[in-house]
Amino acid sequence: MTHWTLFHILAEIFRWILPLLVTVHALTHKRDTASCTGWIGICWIAPLLGTVLYLMFGINRVRRRAQKMVNRHLWEGRDPLAQYRQTVDGNLAPLSKMLGRLTERPLMRGNSIMCLHDGDNAYPVMLDAIDKAKTSIILCSYIFRDDKVGQRFADALIAAKHRGVEVRVLVDGIGSGYFRCGIERRLRHEGVACARFMHSVWPWRMPFINLRNHRKILVVDGTIGFMGGLNIGEENLLRLRTKLPVADTHFRLQGPIVHQLAVAFAWDWSFTTGEELEGERYLPEPSPVGDVPMRIVTSGPDADLEKIEYGMLQAFSLARKHIWVMTPYFLPDDRFSTELILAALRGVVIDIVVPKSSNHALIDHARAANLRPFLDAGCRVWMADPPFNHSKLMVVDDEWSFVGSANIDMRSLRLNFEINLEIYDTDVAKELSKFMETHRRNRLTHHDLDSLPFLIRMRNSAIRLLLPYL
């Protein structure tokens, strides 16, 4: 038997073995039937290429290495949050109960919230909190640019470190630069603990490139928290009039809810570095600062899979009067679309606010091919004028608000690590509704979609097929 013949025999064996192994693994582990069918089909059509792609992008390798967050035994077995637990009555009671069981986090009363629009308003408040820090600072950002804004934050963090504050910074391994992350290098050089989430230069670790930490968290002294959609970079300062300015919405929090926010960061930090953030330096005993009930909701491709989306779906099913949705990217999956459309068909007013043009042209094209069912059901779709607004806001019946880092697309709701905040307060809901109402500039109609040239419509429909990957 020649070497060439042996090679052909081995190639034929692998031609059948590889797709068979992928088929068994996909059937065993894939919950989504469309995804399962797609991967199996690709691997049988192109066994070697399909298997390589499946190994890189088809397998969820995320396993939380963190064991227990020390947020209970610090008080000798006493639960410091018990006195702040809140229940909800009325139409939204099932929503609160469901999210409590889903997230295993209680709804917390005794909180205050301040809405901050754009970096022009948010950055000064965030930097002031960092400058006044006494014990600890924890910061997580998807994008942390090495520009003038990023350097200002770096300077503040370094100064805090030098005056004895414990500082931990977590940036995403892709969003803040894959090959070079200037902020990480500078912070590390100055002795600030900084880590990159799921980052590796080694090819065998490349499967993690598809899973990103999209959360934005800042907690100072365990008592003041910030979260929302705002990254750290010059584009978020509208007064600078950069080439591609980005408007956004962020939130300043105080009260027991900050404890939940800090614990969410602690999980990510432990997962990334193996270090557990312990003691009252990071998790002091909370005290009430207001009267707004809130709860943190996290999601990611691990134990938190799809929890943010489940919260949205339950809220849609309970809505009676009005649903507001504002998002930079609107590419929902079928079940999200179905719930929203059913709400519209039973008479709920649906207002969807999206940017006329985002910072990703492909997403805009796919979105255009995905909006007709919503118009058919009577939803009102509004195209907001520039600058591109990156806010992620949702309000139901002027009673319940859902804000944070999660976009409405399959990547954000299933692959990314995201963090949202649910708020049961009519004043906050009305404030956010009013803000979204100011962006109702141009209403999209059936005529707008029908008047697009044929080739443009074909392009949009073709790109829409990539919806699970955009």
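On a predicted model such as this, the values are computed, not experimentally measured, just so you know. Atom set for the values below is all heavy atoms of this structure, side chains included, hydrogens, waters and symmetry mates excluded.
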Passing option when Phe417 is tested against Phe197, Trp267, Tyr142 for ring-ring contact (aromatic ring centres under 6.0 Å, His included) | Phe197

Spell out, as yes or no, whether a donor-acceptor pair under 3.5 Å connects the side chain of Arg295 to the backbone of Ser96.
-> yes

Under 3.5 Å, side chain of Arg281 to main-chain N/O of Ser136, donor-acceptor pair present?
-> no

Just wondering, are more than 12 heavy atoms of other shown residues or ligands nearer than 6.0 Å to CG in Asp450?
-> yes

Step by step, work out the side chain to side chain contact (heavy atoms under 4.5 Å, CB included) result for Asn213 and Phe271.
-> CA-CA 12 Å; Asn213 191 325; Phe271 172 72; over 6 Å; no

Interatomic distance, NE2@His447 vs CG@Leu375, rounded to 0.5 Å, equals 13.0 Å

What pair of heavy atoms forms the shortest contact from Val348 to Ala319, and how long is it?
-> CG2-O, 3.5 Å

Is the shortest side-chain N to carboxylate O distance from Lys434 to Glu431 below 4.0 Å?
-> no

Indicate the atoms forming the closest heavy-atom contact of Cys379 with Ala344, along with that distance.
-> SG-CB, 3.8 Å

Any idea how Tyr329 and Phe388 line up, ring-wise: parallel (<30°), tilted (30 to 60°), or perpendicular (>60°)?
-> tilted

Neighbour count above 12 (heavy atom, 6.0 Å) for Arg346 CZ | yes

Expected output: side-chain Gln86 to main-chain Gly110 donor-acceptor under 3.5 Å = no

Distance-only polar pair, side chains of Asp221 and Thr223, donor-acceptor under 3.5 Å = no

Any chance the side chains of His322 and Asp351 put a donor and an acceptor closer than 3.5 Å?
-> yes

Would you say the side chains of Glu422 and Tyr424 form a donor-acceptor pair under 3.5 Å?
-> yes

Sorted by chain and number, sequence neighbours left out, salt bridge (charged side-chain N to carboxylate O under 4.0 Å, His left out) with Lys356 holds for Asp385

Flag the pair Tyr282 / Phe265 as yes when their ring centroid distance falls below 6.0 Å, and as no otherwise.
-> no

For Glu234 against Asp147, the heavy-atom pair lying closest together | N-OD2, 2.8 Å

Decide, yes or no, whether a salt bridge links Asp131 with Arg152 under the criterion of side-chain N to carboxylate O below 4.0 Å.
-> yes

Where do Val258 and Val219 land on the side chain to side chain contact (heavy atoms under 4.5 Å, CB included) test, with the steps shown first?
-> CA-CA 7 Å; Val258 178; Val219 177; 3.7 Å; yes

Sidechain N-carboxylate O distance under 4.0 Å for Lys132, Asp128 = yes

Count the heavy atoms of every other residue, nucleotide or ligand shown that sit under 6.0 Å from CE of Met458, and state whether that count exceeds 12.
-> yes

Hey, are His446 and Asp376 close enough side-chain-wise for a donor-acceptor pair under 3.5 Å?
-> yes

Can you measure from OG (Ser358) to CG (Asn389) and round to the nearest 0.5 angstrom?
-> 12.0 Å

Roughly how far, to the nearest 0.5 Å, is OG of Ser401 from NZ of Lys430?
-> 11.5 Å

Asn111 side-chain N/O to Leu253 backbone N/O, donor-acceptor pair under 3.5 Å = no

Side-chain heavy-atom pair Pro332, Asn370 within 4.5 angstrom cut-off | yes

Atom CG in Asn460, atom CG in Leu449: separation rounded to 0.5 Å?
-> 9.5 Å

Is there side-chain contact between Val349 and Arg380, with heavy atoms separated by less than 4.5 Å?
-> yes

Thr445 versus Asp448, side-chain donor and acceptor atoms under 3.5 Å = yes

Look at the rings of Phe402 and Trp400 and say which category their plane angle falls in: under 30° parallel, 30 to 60° tilted, over 60° perpendicular.
-> parallel

Could you tell me whether the side chain of Ser270 and the main chain of Ala266 form a donor-acceptor pair under 3.5 Å?
-> no

Answer yes when Arg320 and Asp397 have at least one side-chain N-carboxylate O distance shorter than 4.0 Å, and no when they do not.
-> no

Taking all atoms of both residues into account, what is the closest heavy-atom pair of Glu235 and Arg145, and its distance?
-> OE2-NE, 2.8 Å

Under 3.5 Å: donor-acceptor pair, side chain of His250, backbone of Leu230 | yes

Do Leu413 and Ile308 pass the side chain to side chain contact (heavy atoms under 4.5 Å, CB included) test, and can you show the C-alpha distance, the side-chain angles, and the key distance before you say yes or no?
-> CA-CA 7 Å; Leu413 297 176; Ile308 286 179; 4.1 Å; yes

When you check the gap from the basic side-chain N to the acidic O, do Arg335 and Asp333 get nearer than 4.0 Å?
-> yes

Taking side chain as C-beta onward, heavy atoms only, is Pro293 less than 4.5 Å from Val88?
-> no

How long is the span from the NE2 atom in His390 to the CG atom in Asn359, to the nearest 0.5 Å?
-> 6.5 Å

Give a yes or no on whether the backbone of Leu102 and the side-chain of Lys307 come within a donor-acceptor separation of less than 3.5 Å.
-> yes

Any chance you could lay out the side chain to side chain contact (heavy atoms under 4.5 Å, CB included) test for Arg411 and Asn416, step after step, and finish with the verdict?
-> CA-CA 6 Å; Arg411 160 167 291 282; Asn416 288 346; 3.6 Å; yes

N/O donor-acceptor pair under 3.5 Å between Thr249 side chain and Ser391 backbone | no

Can you tell which of Lys216, Arg215, Glu418, Lys392 makes a side-chain hydrogen bond (donor to acceptor under 3.5 Å, both in side chains) with Ser405?
-> Glu418

Please report the closest heavy-atom contact between Thr298 and Ala264, naming both atoms and the distance.
-> CG2-CB, 4.2 Å

Okay, side chain of Asp118, backbone of Asp248: is any donor-acceptor separation there less than 3.5 Å?
-> yes

Nearest-0.5 Å distance that lies between atom CD1 in Ile296 and atom CG in Asn420 | 8.5 Å

For Ile323 and Val325, which heavy atoms make the closest approach, and how far apart are they?
-> CG2-CG2, 3.9 Å

Is the distance between the ring centroids of His25 and Tyr54 under 6.0 Å?
-> yes

Please check if the side chain of Tyr123 supplies one atom and the backbone of Asn236 the other of a donor-acceptor pair under 3.5 Å.
-> no

